[in-house]
Number of protein chains: 2
Amino acid sequence: MRDVALRAGVSTMTVSRVLSDPGKVSAEVRQRVMAAIEAAGYVPNRLAGSLSSRHSRVIGLIVPSLENSLFAPTIQGISEVLRRNGYQLMVADCGGSDAEEEALVTAFLAQRVAGLVLHNTRHTAAARAMIRRAGIPVVETGTLTPKPLDMVVSYSNHEASRAMTLHLHRLGYRRIGFVSLPAAGNNRALARQGGYRAALAEAGLPPEPRLMLEMPPGLPSGAEAVVRLAEGPVPADAIFFAGDVLAVGALFECQRRGWAVPGRVGIAAFDNIEILGQMVPPITTLRLPRAEIGRRAAEILLDRIQGRSAGPVRVDLGFEIIQRAST
Amino acid sequence: MRDVALRAGVSTMTVSRVLSDPGKVSAEVRQRVMAAIEAAGYVPNRLAGSLSSRHSRVIGLIVPSLENSLFAPTIQGISEVLRRNGYQLMVADCGGSDAEEEALVTAFLAQRVAGLVLHNTRHTAAARAMIRRAGIPVVETGTLTPKPLDMVVSYSNHEASRAMTLHLHRLGYRRIGFVSLPAAGNNRALARQGGYRAALAEAGLPPEPRLMLEMPPGLPSGAEAVVRLAEGPVPADAIFFAGDVLAVGALFECQRRGWAVPGRVGIAAFDNIEILGQMVPPITTLRLPRAEIGRRAAEILLDRIQGRSAGPVRVDLGFEIIQRAST
DNA sequence: TTGTAAGCGTTATCAT
DNA sequence: ATGATAACGCTTACAA
């Protein structure tokens with residue numbers, strides 16, 4: 001910048017102003033400075049800028065996994081909004097571990113991020129304390145948690161799960177199986193289990209442990225689950241797969257076995273991944289506002305950072321049942 | 001840090017040393033400093049550190065899309081290696097636009113990233129110039145480009161496409177259709193088309209424009225393509241889908257129409273996404289080293305940054321044909 | 001082993 | 001409208 005200032009015959013302050021608030025500089029000087037910037041091939045140093053101004057334009061995002069394509073639309077949504085506003089995105093994955101999340105929060109705070117997006121809604125006490133001390137805004141996106149750190153943008157996993165279960169009941173199913181990811185340490189899976197149980201109670205169906213399964217993520221898990229529940233001691237007439245791509249794996253297994261869907265067993269999924277609608281038969285599922293969650297999360301974060309809002313924010317973006325031929 | 005130093009009764013330099021090279025500080029003082037850090041809830045400011053030392057621990061990654069799950073394993077691989085080495089990852093997507101990539105390169109250089117990973121192998125002249133001036137290492141990962149900016153870690157899209165086409169020929173197919181993403185401005189799609197053409201020539205099959213199609217990404221595109229090529233003026237006996245999830249969409253369409261695969265038409269894909277192996281029938285495809293590309297890219301970048309290597313690097317991680325029931 | 005001083009490249013603040 | 005000066009919080013280089 002010193003170089004640019006010399007070339008343009010002005011002080012570094014003037015160069016700085018041309019970059020940050022061109023209106024404050026006379027047109028003639030601005031021209032000269034711009035030319036000097038061009039000639040010098042000058043790229044401003046935001047590290048120095050942030051250090052001096054005590055404001056950074058970087059947002060940190062921590063997701064349980066970067067590999068899982070479920071997070072992709074959310075990340076894209078965040079990225080989109082940040083980019084439009086001249087902000088940068090730092091990402092990391094914590095593999096669902098609270099301790100790892102804490103370490104990543106520390107690393108991000110050390111980078112002096114201006115805000116955080118956390119997909120998880122469980123955090124270590126140390127992580128909470130650090131974030132509070134740092135005084136930066138935080139958005140949680142994983143589920144509409146009742147006691148957020150700060151702000152939440154999501155949908156209710158409990159309500160979505162409950163709604164789908166009631167929907168299946170309304171369709172006439174009476175032995176509704178439920179398959180989720182392992183619930184230990186996963187607030188989203190827990191909420192979904194809760195919603196399923198609540199719906200059974202409302203519908204007057206007795207809870208049946210042999211109709212509930214927890215499986216690791218992946219297509220083979222879904223395949224295994226459909227067999228266990230449809231051929232089990234209490235054969236399910238429909239199965240609600242509340243996690244990942246389990247429903248896809250299940251339908252493939254039915255195709256391999258020649259089982260009619262929904263004749264032999266109905267199948268419902270939890271997420272609107274594109275493939276569900278293309279399968280034969282297309283699978284009943286929930287439409288979740290994945291991309292919208294990302295966009296809104298970024299927006300309210302920026303609102304807060306730029307002083308356009310204050311106080312707690314809780315945005316429920318809802319969900320929608322998509323009834324298709326599989327149930 | 002000043003606060004920590006006061007609490008521990010030492011200079012800030014000593015605190016700095018405890019953090020960066022604890023061996024240089026006596027055990028007793030180290031204890032005291034650590035305690036002070038804890039008590040103060042001190043989180044070091046890496047912005048200041050990087051500014052002062054002129055080294056950052058942030059790597060920038062630019063992909064064409066964050067939404068496309070194809071990049072997920074690569075991103076995860078990079079993230080994994082960086083995390084292990086105490087580095088941070090900044091990501092952004094350029095939507096396949098060179099101009100946007102240039103803007104993002106500028107933004108990353110302004111953040112003084114220590115290195116760059118670019119998926120694209122096409123760049124604007126300005127982007128090339130900036131990167132050269134910045135003097136930071138760069139890895140390109142999209143394809144084994146002949147004239148890399150600096151380092152490349154990938155596989156050859158040309159060779160992979162050629163190998164699969166020859167494989168189909170060896171299986172007895174003679175009217176091999178080829179579907180790719182739009183090749184304009186996409187070096188990967190271009191390379192795949194080239195490989196297909198080269199294979200036809202080697203096999204002594206005449207090139208047939210009516211057997212080649214460019215389609216936008218997405219399942220419906222694959223569905224449309226299979227119909228157009230299998231019912232076209234020159235009906236394909238096999239189709240090689242060299243892009244995205246086109247093959248999946250195609251097979252679903254065949255299921256809907258009751259077409260036997262491979263009886264009516266053989267189907268081959270380009271990427272080892274999990275679902276291909278689970279479909280009915282499972283789809284012949286190429287195994288590509290997606291995650292490995294990410295890991296290696298990060299590793300050679302760190303090697304270069306930490307002075308463990310110099311000079312051009314070109315890593316060909318190869319590919320592998322997975323023959324399955326769809327061909 | 002520990003400390004002092006200078007400087008990294010900006011911006012905030014106050015002058016002019 | 002422009003400039004001078006002092007931070008911002010650390011690390012490098014040198015000294016003790």
Side-chain angles (χ1 to χ4, degrees), chain A residues 1-34 36-37 40-58 86 88 106-107 109-114 133-136 307, chain B residues 1-34 36-37 40-58 86 88 106-114 133-136:
Chain A
M1 187 156 119
R2 171 149 231 82
D3 177 36
V4 172
L6 289 176
R7 285 174 191 251
V10 296
S11 72
T12 59
M13 248 339 279
T14 301
V15 177
S16 174
R17 275 192 274 256
V18 168
L19 258 24
S20 58
D21 193 354
K24 291 199 157 183
V25 177
S26 73
E28 187 234 340
V29 172
R30 194 175 5 182
Q31 297 288 328
R32 239 189 311 143
V33 171
M34 298 294 265
I37 287 176
Y42 169 68
V43 177
N45 186 331
R46 298 246 173 275
L47 259 38
S50 294
L51 177 61
S52 179
S53 67
R54 299 147 141 294
H55 294 296
S56 92
R57 290 185 150 254
V58 177
Q88 240 52 54
T106 312
L109 292 182
Q111 300 285 350
R112 294 301 186 265
V113 295
R133 285 185 56 110
I136 61 172
Chain B
M1 186 155 121
R2 171 147 232 84
D3 177 35
V4 172
L6 288 175
R7 285 174 192 250
V10 297
S11 73
T12 59
M13 242 346 276
T14 300
V15 177
S16 174
R17 275 193 274 257
V18 167
L19 256 25
S20 58
D21 192 355
K24 290 198 157 185
V25 176
S26 72
E28 188 234 340
V29 172
R30 194 177 2 180
Q31 297 287 329
R32 236 188 313 142
V33 172
M34 298 292 266
I37 287 176
Y42 170 67
V43 178
N45 186 332
R46 299 248 172 271
L47 259 39
S50 295
L51 178 61
S52 178
S53 67
R54 298 144 144 293
H55 294 296
S56 92
R57 291 185 150 256
V58 177
Q88 240 53 52
T106 312
F108 281 165
L109 292 182
Q111 300 285 349
R112 295 300 186 266
V113 295
R133 284 184 58 109
I136 60 172

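None of the values given here were measured: they were computed from a predicted structure. Numbered from 1 within each chain, the chains take letters A, B, ... in sequence-line order.
- Surrounding CZ of B/Arg46 are at most 12 heavy atoms belonging to other residues, nucleotides or ligands under 6.0 Å away.
- For the residue pair B/Met1 and B/Tyr42, the shortest heavy atom distance occurs at N-CE1, 3.4 Å.
- Separating the CG atom in B/Leu19 from the OG1 atom in B/Thr14 is a distance of 11.5 Å, to the nearest 0.5 Å.
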Ignoring hydrogens and angles, write down the donor-acceptor pairs under 3.5 Å from the side chains of residues 20-34 of chain A, residues two or more places apart or on other chains.
| from | atom 1 | to | atom 2 | distance (Å) |
| --- | --- | --- | --- | --- |
| A/Ser20 | OG | A/Ser16 | O | 3.0 |
| A/Ser26 | OG | A/Val29 | N | 3.4 |
| A/Arg32 | NH1 | A/Ala8 | O | 2.6 |

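- For DNA chain D, the residues of residues 21-34 of chain A within the heavy-atom distance limit of 4.0 Å (strictly under) are A/Lys24, A/Val25, A/Ser26, A/Val29, sorted by number.
- Overall, the helix from C/dT1-D/dA16 to C/dT16-D/dA1 carries an axis bend of 30° between its ends, with five pairs at each end and the value rounded to 10°.
- Side chains of B/Gln111 and A/Val58 form a contact here, defined as non-hydrogen atoms less than 4.5 Å apart.
- The side chain to side chain donor-acceptor pair (under 3.5 Å) check on B/Arg7 picks up B/Asp3, with sequence neighbours excluded.
- To the nearest 0.5 angstrom, B/Ser52 atom OG is 10.0 Å from A/Leu51 atom CG.
- Counting heavy atoms from C-beta on, the side chains of A/Arg112 and A/Ile136 never come closer than 4.5 Å.
- The line from OG1 of A/Thr12 to CG of A/Leu6 is 9.5 Å long, rounded to the nearest 0.5 Å.
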Point to revise | B/S/- contact track for nucleotides 8-16 of chain D, protein heavy atom under 4.0 Å | key: BBBBBB---
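- Chain B approaches DNA chain C over the interval C/dT1 to C/dG9, counting the first and last nucleotide 5' to 3' with an atom under 4.0 Å from its heavy atoms.
- Nearest heavy atoms, B/Ser56 versus B/Ser50: CA-OG, 3.5 Å.
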